[in-house]
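Report on one structure; see the data block that follows.
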Amino acid sequence: MLRATIEALLTHAKYGRSKLVLEAYQRLSCFNFNPNNYVFVSVIKACTSEGIYEHGSLIHSQVVECGYESDVFVASSLINFYFKSGGLKDGHKVFDGIKKPDIVIWNAMIAGYAEHGHVQSALELFHQWQENDFMPNISSWNSVIRACALSNLNEDALWYFNQMMQEGYLPEDITFATVLSACTSLRAQNQGKFLHVSLLEKGLASDVFLGNTLINLYAKCGNFKQANVVFDRLPERDCVTWNALISGHSLHGNCTEALKLFHDMQKSGYHPDLVTWNALLTGQVQHGHAEEALQLFEAMEGQGPKPDTVTFLNVLKACSSMASLKKGKLFHTYMLESVTIIDLSVCNALIDMYAKCGSLEDACSVFVALPKRDAVTWNSMIAANFKHNQNMKAFAYLKDMQLEGFQPDEVTFLCVLSAYRQESAIDPSALQFICTHMAGGISLSQEQYSSIVDLLGSKGFLQAAGKMLTKEFMKDDLQAWASLLRHCKMFGNVHLGRQCFDHIQSLDDQYTTCYELMSALYTDMGMWEDAHQIRSMQSCAEGCKKSFM
DNA sequence: ATAGGGTTAG
């Protein structure tokens with residue numbers, strides 16, 4: 001009986017049936033018996049995949065009682081368990097208790113760090129360990145590549161993969177899956193094709209899992225010809241196979257094709273799941289077919305799976321783009337009736353929807369009722385108020401946002417900017433905000449900077465605009481400098497205008513516009529001699545160019 | 001029999 005139960009436990013473990021493993025272990029505890037290390041490994045793995053922290057700690061103490069705490073296999077599964085269930089400290093404790101950690105333990109640590117987004121620690125461990133003359137195995141490489149991929153360092157993931165290949169390691173199926181998914185994020189189709197060839201050589205291209213990954217890559221890159229080739233050659237398909245293709249078409253706006261596949265999939269005997277429906281919805285909403293999206297949602301209500309947050313976000317976006325307050329309100333009521341708690345992201349979308357459908361009042365009611373807010377919530381309220389020409393209120397929200405400990409981000413900033421671009425005069429507090437946050441941590445692109453310089457200049461805030469151009473990455477932006485010079489001419493600021501002119505000229509003495517603007521500025525101010533001097537500089541520069549040719 | 005690790009919707 002004891003033997004049979006152990007056998008059963010191990011068999012369940014082999015097929016990943018974690019609940020049954022735990023049940024068998026429960027039955028074992030009736031016998032007076034000390035489990036061996038293999039039973040412990042199986043049970044700890046089961047706890048890991050079930051995510052039950054308390055039970056895992058209990059097993060840990062039994063491991064210690066039975067004297068298995070330094071068994072590398074038991075220890076590594078414990079490390080894995082603690083890292084996965086959030087107990088970083090406990091994972092380290094197990095690690096520290098091992099006198100001579102071997103490769104299995106090291107790999108578990110690398111994978112654990114990766115899981116927690118601590119790429120740096122994972123990489124440090126990997127490199128440190130190589131310096132001490134340890135040879136990584138394929139699992140170590142898999143973990144390092146995955147560590148990069150999990151933290152969105154996809155280029156690094158590819159770099160480690162290439163390094164691994166150069167050092168002569170043979171990639172496994174999982175290696176391919178991880179690297180292919182990094183290629184997908186990068187839309188790196190050519191790297192992907194190279195991997196595809198290797199898969200064909202190894203006979204792995206007909207594996208469903210890898211086939212799905214390949215289809216996903218090609219479809220995301222818009223290469224439907226290749227995606228279909230892989231699809232057609234797959235001897236076995238599943239729901240994910242269809243979803244990968246459908247979501248690719250949705251992403252690229254081929255909504256009709258996505259719908260056709262949706263029907264084909266059912267004809268072939270596959271049931272569309274939540275992912276399928278959401279992929280279809282997203283495609284319609286992102287490509288401006290709000291009406292169709294709402295019809296789709298209705299169909300989903302009738303025959304599809306229970307909608308979730310993604311569904312809600314899509315439907316709300318459809319209502320916003322139709323600017324239909326009536327539809328939006330109806331849907332809000334529907335959500336209140338169908339779920340107990342509405343996700344914060346959905347509430348933020350509700351605020352946005354109400355503002356876009358013309359009801360600042362309803363947007364406020366949603367906001368007031370929120371038990372918790374995030375930066376997106378605040379940005380939505382700020383945008384809502386600006387949209388309804390409540391600039392002072394918008395600034396009040398901005399202040400409250402900071403009081404609650406949220407720093408204005410790029411979105412906040414652009415929101416303030418676009419609101420003030422339409423105004424004839426800028427409120428001094430807005431200007432103060434813009435300037436304060438230029439010095440702060442908001443990272444804007446060069447184009448955004450340029451447009452701010454242009455905005456500030458056009459309203460006569462020439463000094464503030466000039467200060468922005470002192471940023472290192474703005475030094476070479478001739479367009480931005482010329483824009484400030486143009487505004488200096490408009491507002492008659494000779495001093496700053498001349499600084500702009502000198503800067504532009506030092507970068508490109510063939511930039512004709514700057515000579516014209518500067519001499520016009522001098523002329524406006526009655527400084528004829530200076531105007532004349534600029535014109536001779538211009539003909540000199542043009543002369544130099546001619547003699548050069 | 002003993003590590004670790006993969007795909008689809010926002």
Side-chain angles (χ1 to χ4, degrees), chain A residues 6-7 9-11 13-14 36-45 48 68 71-81 83-84 101-115 122 136-147 149-150 171-182 184 204 207-217 219-220 230 234 237-251 258 265 272-286 305 307-317 343 345-346 348-349:
Chain A
I6 296 176
E7 289 285 316
L9 187 147
L10 298 183
T11 311
K14 193 172 160 192
N36 62 17
N37 55 350
Y38 188 57
V39 169
F40 274 130
V41 168
S42 307
V43 176
I44 296 165
K45 272 176 94 171
T48 310
Y68 280 118
D71 177 284
V72 285
F73 292 108
V74 175
S76 62
S77 48
L78 269 173
I79 290 174
N80 183 243
F81 166 76
F83 271 112
K84 276 264 171 64
D102 74 339
I103 190 164
V104 178
I105 301 288
W106 284 106
N107 286 347
M109 289 300 286
I110 295 175
Y113 282 131
E115 207 65 43
N137 62 14
I138 180 68
S139 303
S140 329
W141 287 103
N142 287 346
S143 298
V144 166
I145 294 170
R146 183 167 153 79
L150 274 177
E172 297 179 330
D173 46 359
I174 285 157
T175 326
F176 281 113
T178 313
V179 180
L180 273 170
S181 118
T184 307
L204 284 170
D207 175 83
V208 199
F209 219 109
L210 286 168
N212 291 348
T213 315
L214 275 174
I215 292 171
N216 185 41
L217 167 79
K220 284 264 160 48
V230 181
L234 264 187
R237 295 173 196 138
D238 60 14
C239 209
V240 178
T241 319
W242 289 92
N243 288 347
L245 210 49
I246 290 173
S247 71
H249 280 292
S250 282
L251 179 75
M265 124 182 231
D273 59 10
L274 188 59
V275 177
T276 325
W277 285 94
N278 284 339
L280 284 178
L281 264 176
T282 308
Q284 299 284 8
V285 173
Q286 300 287 10
D308 73 342
T309 300
V310 180
T311 323
F312 293 161
L313 290 174
N314 277 313
V315 176
L316 282 173
K317 203 172 170 204
D343 217 71
S345 62
V346 176
N348 294 339

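Reckoned from all heavy atoms, side chains included, excluding hydrogens, waters and symmetry mates. All chains are named by letter (A, B, ...) in the order of the sequence lines, taking the proteins before the strands, and each is independently numbered beginning at 1.
In this structure, I79(A) reaches neither bases nor backbone, as no heavy-atom distance under 4.0 Å exists between it and the strands shown. Across all strands shown, S77(A) has heavy atoms under 4.0 Å from sugar-phosphate atoms exclusively, and none from any base. Within 4.0 Å (heavy atoms only), T241(A) reaches no atom of the nucleic acid at all. Contact annotation for I6(A): no contact, since no heavy-atom pair falls under 4.0 Å across all strands.
When distances run from any side-chain atom of L10(A) to the nucleotides dA9(B), dT7(B), dA1(B), the shortest one goes to dA1(B). Of the listed nucleotides (dA1(B), dA3(B), dT7(B)), dA3(B) has the atom at the smallest distance from the side chain of K45(A). Taking the side chain of A279(A) as heavy atoms from C-beta on, and the options dT8(B), dA9(B), dG6(B), the nearest nucleotide is dA9(B). Relative to the side chain of S181(A), the nucleotides dG5(B), dT7(B), dA9(B) differ in distance, and dT7(B) lies closest. Nearest nucleotide to the side chain of V41(A), out of dG6(B), dT2(B), dT8(B): dT2(B). The side chain of Q286(A) has dG10(B) as its nearest neighbour among dA9(B), dT8(B), dG10(B). Nearest nucleotide to the side chain of F209(A), out of dT2(B), dA9(B), dG6(B): dG6(B). Of the listed nucleotides (dA3(B), dG6(B), dA9(B)), dG6(B) has the atom at the smallest distance from the side chain of A177(A). With dA3(B), dG6(B), dA9(B) as the candidates, the nucleotide lying closest to the side chain of K220(A) is dA9(B).
For the 3.5 Å distance criterion, the side chains of N314(A) and T311(A) fail to qualify, holding no donor opposite an acceptor.
A straight line from CG of L316(A) to P of dG10(B) spans 16 Å, rounded to a whole angstrom. In this structure, N278(A) places its CG atom 11 Å from C1' of dT8(B), rounding to the nearest Å. Summarising the geometry, the separation between CE on M109(A) and P on dG5(B) is reported as 14 Å, rounded to the nearest angstrom. When rounded to the nearest whole Å, the span between CG of L214(A) and P of dT8(B) equals 12 Å. In this structure, CG of L9(A) is placed 13 Å from C1' of dT2(B), rounded to the nearest angstrom. Between F312(A) atom CZ and dA9(B) atom P there is a gap of 20 Å when expressed in whole angstrom units. Taking atom CG of N107(A) as the reference point, atom P of dG5(B) lies 10 Å away to the nearest angstrom. Going from atom CG of D238(A) over to atom C1' of dG6(B) covers 13 Å, rounded to whole Å.
In this model, the phosphate group of dT2(B) is not approached by any side-chain N or O of K14(A) to a distance below 4.0 Å at OP1 or OP2. Regarding contacts with the backbone of dT8(B), a side-chain N or O of N216(A) is found under 4.0 angstrom from either OP1 or OP2.
By the 4.5 Å heavy-atom criterion applied to side chains, D308(A) and L274(A) are counted as neighbours. Residues M265(A) and C239(A) are in side-chain contact: their nearest non-hydrogen atoms beyond the backbone lie under 4.5 Å apart.
For D207(A) against L234(A), the heavy-atom pair with the smallest separation is O-CD2, 3.8 Å. Of all heavy-atom pairs spanning D71(A) and V74(A), the tightest one is OD1-N, 3.0 Å.
The base of dA3(B) is paired with the side chain of N137(A) by a donor and an acceptor separated by under 3.5 Å.
We find the CE-CD1 distance between M109(A) and I105(A) to be 9.0 Å, quoted to the nearest 0.5 Å.
Remark: ring of F73(A) overlaps the six-membered base ring of dT2(B) in a stacked fashion, centroids less than 5.5 Å apart, planes less than 30° apart.
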